[in-house]
S.K.: 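Quick one: this structure, given as C-alpha cells, is what I'll be asking you about.
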Amino acid sequence: MKLVIAEKNIAAQKIAQLLADGKPKTDKVYNTQVYRFTVSGEDWVSMGLAGHILAPDFPDEILFDKKQGWYSVSDDGEVLPADVPDGLARPPYATKRKPFLANGINIKGWKVESLPYLTWAPIVKKPAEKEIIRVLKNLAKKADHVIIATDFDREGELIGSDALSCVREVAPDVPTSRARYSALIKGEVTAAFDNLVELDQDLADAGESRQYIDLIWGAVLTRYLTLARFGGFGNVRSAGRVQTPTLALVVERERERMAFVPEDYWQIRGMAAAKDAEFKIGHATARFTDKAAAETAFAHVEHATTGTVTSVAKRSRKQQPPTPFNTTSLQAAAAAEGISPARTMRIAESLYMSGFISYPRVDNTVYPRTLDLAGIVDGLASNSPALRPVCKKVLAGPMKPTRGKTETTDHPPIHPTGQGDPETLDGGQKKLYMLIARRFLATLMGPATIENTKLAIDVAGEPFTASGDVLVDAGFREAYPYGLKRDEQLPALAEGDTVDVRDIALEAKQTEPPARYSQGRLVQEMEKRGLGTKSTRASIIERLYTVKYLKNDPIEPSQLGMAIIDALHEFAPRITTPEMTAELDEDMTHVAEGQDTQDHVVEHSRALLAGLLDTLIEHKDDLGDAIADAVTADARVGACPKCGKDLVMKTSAKTRGSFIGCMGWPDCDVTYPVPSGVKVSPLEGEAAVCPECGAPRIKCQPFRQKAYEMCVNPKCPTNFEPDIVVGECRACAEAGRHGELVAHKSEKSGKRFIRCTNYDECGTSYPLPARGKLSATGEVCEHCGAPIVVVETARGPWRICVNMDCPGKEKKAAGGARGRGRGGAKKASGAKKTTAKRSAKK
DNA sequence: GCAAGGTC
C-alpha cells in the first residue's frame, strides 16, 4: 500500500480524486478521514495532516511548572546542557538551588537574571496533533512506500519533514519520497507523482530555523517583559518577531498624530435652492489659509440671497469592477463592514468547512481557467433568491472576470461555491457570505458609470461651486454596493439660471493629523512590510488587543503598548522593526540553498539575543517602573475627590469583579462601582470633574450605541432620580394586601429596578433598563398584568412591559432573532424567579 | 502564563 501525506484534508481528498482509477472511497482511521483508492490496480491511501503536527518547545525540565513557576531547573538542580557555540562560555547562571516561591509567586531577583540560560536552552519537538500522529503511524506501519505531498513551500517542507520523523519511529526502513505540485489540478498532480523526488532537508531545516528563532526571541523577551514588573496572573506582556513591529507601526502613527501641528484654515459654505431642490455650495477657494482673505470674501456674500449659474459641466467617469478576493482583500473589505480580520477568518473557516465558499487562505487574485464561473453563478441563482436577478444579468453578459495583481496557482481566489442555502447561515456568516458572493458576481460584471455635474455659481461677485454625483449605469454596483456613496443629485440648471442662496457661513477649521489605522488597513500594511502571513496577520492583531497593547477601532495604542515599544526600541531594537523578518528570510534562504546550516543560523541568533540581555537585565527596574506607570495610566478614570491621587479601574481579589478605587488605598478608601455594560474612559480638562460632587466624570461607551458622559459617583445629585410609582402590585392584590410598585435607583450600584412596597412579603421585583428617562403610564400589560412604562432613549420613546418573562415577549422572540436567551422558552412563573435567575447569572 | 506558522 502506498501512503500519501498531504498538508490538509482537502488536499488529501483532491489528490485521491485526481490519481484514482475511478472514485476514491472515504474511510475513517480512528476519527480521521482518509481516502482509499487504486492507481493502476495498486492500493493507495491518502490522509491530510492539520498543518504542523509537531511544535518546538523547551524540554519539560525547564518549562513552566504549576508548582514552580516559569523558571524551574532539572530535578538534580543542574541546568540542562546546551550546545553553546565555540568561544562562548556556558551560561554561568546555572543554579543548584531549587527556586523558592512564596505563594507560587516570586518574581524578585533571580528570575529575570536567569533568562540568559533560556537563551541557550535546548529545544525539542513535541507532538501537537496527537490524533493525527496516531493515524499517521497506524497507516505508516502498513505502507510499503510513503509519499510526502504537503504544500510546495518552506513550511510545507517542514511539515513533511516532521511527518517523516513520526513515520520513521514506526517504519524505520520504509522508502519515502516527495511529490511537488503547485496547484491541485490534474496535470500538476499527476506530473508530480510521475516525477517523485526526495524531501529537501535543507528547505525543511530553513523552516525549522524560523521556528526556533521565533520561539527563543519570543519566549525570552516575553518572559522578560512579564517579569520585569509582575502584574499578576493573566497579565502577560508579550513580544515577538511579527507582533512587536506591528505594534510599533501603530505606536509610530500615534506619535505622528501627537507631533502633528494643526494649521488653521477657513471655509465659506452654504446652501442653494432651485426647482424645489436644495444642494450644498462652497466657495471656489476650498480652503482659505489667509484669514483676512476669507473674511473679505465672506463680507461680500454674507447677506446675499441669490446667485447666478455661470457654467454647467458634466463629466462621466467609470469605476472599474473589483478584483477577486484573496485573504488580505477579503479581510480589508470585511473590516470596512465591521467584521474584524480575526472574526472574518473564523467565519470564513466555518463557511469553507460547510461547503459555502472555497479555501479561504490564498494569495491568488486570478481565477484559474478551469474554474466553472457560469456554474457557480447558476448555483447562486438557484440557492439565493436575493441574488437571482443579478445572477441572470451576469449569465446574459460576456462574463469576463477581472484579474488582480497576484497570480499563484495553489488555490483559486476566494469565491462562493454556489452550493448551500444561505438562509441556514447565522447573522455573521450570512453577512460575510453575501460579501463574498457579491464580490464574486461583481468581478464578472462591467464598470459602473458615474455622472458628475459641476456648477459654477456667482454669488455677489464671489465664485462658488456645487458638485453632484449620480450613478447612471450601475454596472457591477448592482451586485456590489459596498462603500458606494449616496447619489448627490443637483437640479437641472443651465447657464444664467438664478438660484436662491442661504445660510452662508464662514467656518474656522484645522487640518487633521494622519488617520489611525483601521484593522483592515493594518493588515494591508503588514502585508506590504512583509510582516506575518495571510494565515497569521489577523490573529496577531487580535493578540495585541488581548494583551491590552491596542484598544479601540480605528486602532490606538495603549500607554502600555507605547511603553513596551519604547523599552524594546531602546534595549532590543532588532525585534521592533520588520528588518528582523527580512534578515531571517535571508538566513533561511542560505540554509535552504545549503550555504549555511540550521545550527549555525540559530546559534548566531541566540548570540545576538544573549548580547542584549546584559543591558536588559541591568535596566529591569526602569522598565518595570515604566510598565507599571503605563498600566496605571491605562486604568485611570480621573482624580480622587478626597486625596487627589489617581482613581483607577481595579479588580477585586475576592469577587473578581471590577470597581473604581483610589491609588491612595489603604490611606484613602474612596471607591465607586463601574457602570455595567459599557466601556469606561476618562474625560479631559474641565469636563473631567463633576461640578456637583467633585468626583470624576467619565465617558461611557455602550456596544454600538451612542456614548454618554456621567459622574462616577452614584450618590451624586446629577445621578439622582426620584422614586416613581409605576402601578399597583398584582401579587399583593391577589393576596388581599395593598402593595405599590415603585421604580428605584440603587445608590450603591447605580442599577435601576422596580420593587413592591411589600417586597418582604410578596417578593415582586423587576429589572429596568440602565439608561433613558423613565415615566409611568398607569397601564398594565395585556399578557401578564405587569406595569407598562415608557423609557425615553436617544432613538425615541419606547413602551415596555417590565416583566422579563412576559409571555408577550416570548411571541416576539419566536418571530425574530432578537431577545434570545432571555427568559424566552420559559413560562412566566412569577417575578421573584426573574430576579433570582438574573442574579444567578452573575 | 511565552512566538509564529500551519490548520480543525
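In the text below, chain A, chain B and the rest are named by the order of the sequence lines, each starting its count at 1. As the structure is a computational prediction, the values presented were derived from the model and not from experiment.
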S.K.: Considering only B/dC2, B/dT7, B/dA4, which nucleotide approaches the side chain of A/Lys8 most closely?
M.R.: B/dT7

S.K.: Can you tell me how far P of B/dT7 sits from CG of A/Asp151, to the nearest Å?
M.R.: 6 Å

S.K.: Just to be sure I understand the rule, does A/Glu7 reach a base, reach only the sugar-phosphate, or reach nothing, if contact means heavy atoms closer than 4.0 Å?
M.R.: sugar-phosphate

S.K.: Could you check whether any side-chain N or O of A/Ser161 sits under 3.5 Å from a backbone N or O of A/Glu157, counting only pairs where one atom can act as donor and the other as acceptor?
M.R.: no

S.K.: Going by heavy atoms closer than 4.0 Å, what residues in residues 355-362 of chain A are next to DNA chain B?
M.R.: A/Tyr359, A/Arg361

S.K.: Run the side-chain contact (heavy atoms from CB on, under 4.5 Å) test against A/Ala11 and tell me which residues pass, sequence neighbours left out.
M.R.: A/Ala6, A/Lys8, A/Tyr181, A/Leu184

S.K.: Quick check: does any side chain N or O of A/Thr365 sit under 3.5 Å from a backbone N or O of A/Thr406, one acting as donor and the other as acceptor?
M.R.: yes

S.K.: In this structure, how many angstroms lie between the P atom of B/dG5 and the CE atom of A/Met345, rounded?
M.R.: 14 Å

S.K.: Checking A/Arg168 now: which residues fulfil salt bridge (Lys or Arg N to Asp or Glu O under 4.0 Å) with it, not counting sequence neighbours?
M.R.: none

S.K.: Just how far, in rounded Å, is C1' of B/dG5 from CE of A/Met588?
M.R.: 10 Å

S.K.: To the nearest Å, how far apart are A/Leu616 CG and B/dC2 P?
M.R.: 20 Å

S.K.: Would you say A/Ser539 reaches B/dA4's phosphate, i.e. side-chain N/O to OP1/OP2 under 4.0 Å?
M.R.: no

S.K.: Sequence neighbours excluded, which residues qualify as side chain to side chain donor-acceptor pair (under 3.5 Å) partners of A/Ser354?
M.R.: none

S.K.: If you look at every strand shown and take non-hydrogen atoms under 4.0 Å, does A/Ala55 touch a base, only sugar-phosphate, or nothing?
M.R.: nothing

S.K.: For A/Pro56 and A/Thr533, take the nucleotide of DNA chain B holding the closest heavy atom to each; which residue's nucleotide lies nearer the 5' end?
M.R.: A/Pro56

S.K.: Would you please test A/Phe325 and A/His415 for ring pair (Phe, Tyr, Trp, His ring centres under 6.0 Å) and show each step?
M.R.: CA-CA 7 Å; A/Phe325 267 149; A/His415 61 86; over 10 Å; no

S.K.: Counting only side-chain nitrogens and oxygens, does A/Ser535 get under 4.0 Å of the OP1 or OP2 atom of B/dG6?
M.R.: yes

S.K.: For A/Ala342, give me all partners under side-chain contact (heavy atoms from CB on, under 4.5 Å), at least two apart in sequence or on another chain.
M.R.: A/Ser340, A/Arg346, A/Ala538, A/Glu542

S.K.: Can you check the A/Leu531 CG to B/dA3 P distance for me, whole Å?
M.R.: 16 Å

S.K.: According to a strict under-4.0 Å criterion, is A/Arg543 in side-chain N/O contact with OP1 or OP2 of B/dA3?
M.R.: yes

S.K.: Output the rounded distance in Å from CG (A/Leu49) to P (B/dG6).
M.R.: 15 Å

S.K.: Any base atoms under 4.0 Å from A/Gly240, or only sugar-phosphate, or nothing? Heavy atoms, all strands.
M.R.: sugar-phosphate

S.K.: A/Arg241 side chain N/O closer than 4.0 Å to the phosphate oxygens (OP1, OP2) of B/dG5?
M.R.: yes

S.K.: Which nucleotide sits closest to the side chain of A/Ala50: B/dC2, B/dG6, B/dC8?
M.R.: B/dC8

S.K.: Between B/dA4, B/dC2, B/dG1, which nucleotide gets closest to the side-chain atoms of A/Thr226?
M.R.: B/dG1

S.K.: Under the side chain to side chain donor-acceptor pair (under 3.5 Å) test, which residues partner A/Gln13, sequence neighbours left out?
M.R.: none

S.K.: According to a strict under-4.0 Å criterion, is A/Gln211 in side-chain N/O contact with OP1 or OP2 of B/dA3?
M.R.: no

S.K.: Quick one: list whatever passes side-chain contact (heavy atoms from CB on, under 4.5 Å) with A/Arg361, sequence neighbours left out.
M.R.: A/Thr327, A/Met345, A/Glu349, A/Tyr359, A/Lys534, A/Ser535

S.K.: For DNA chain B, which residues in residues 156-167 of chain A have a heavy atom at a distance below 4.0 Å?
M.R.: none

S.K.: In whole Å, what is the span from the CZ atom of A/Phe152 to the P atom of B/dG6?
M.R.: 16 Å

S.K.: Which residues satisfy the side chain to side chain donor-acceptor pair (under 3.5 Å) test with A/Arg210, sequence neighbours excluded?
M.R.: A/Glu155, A/Asp214

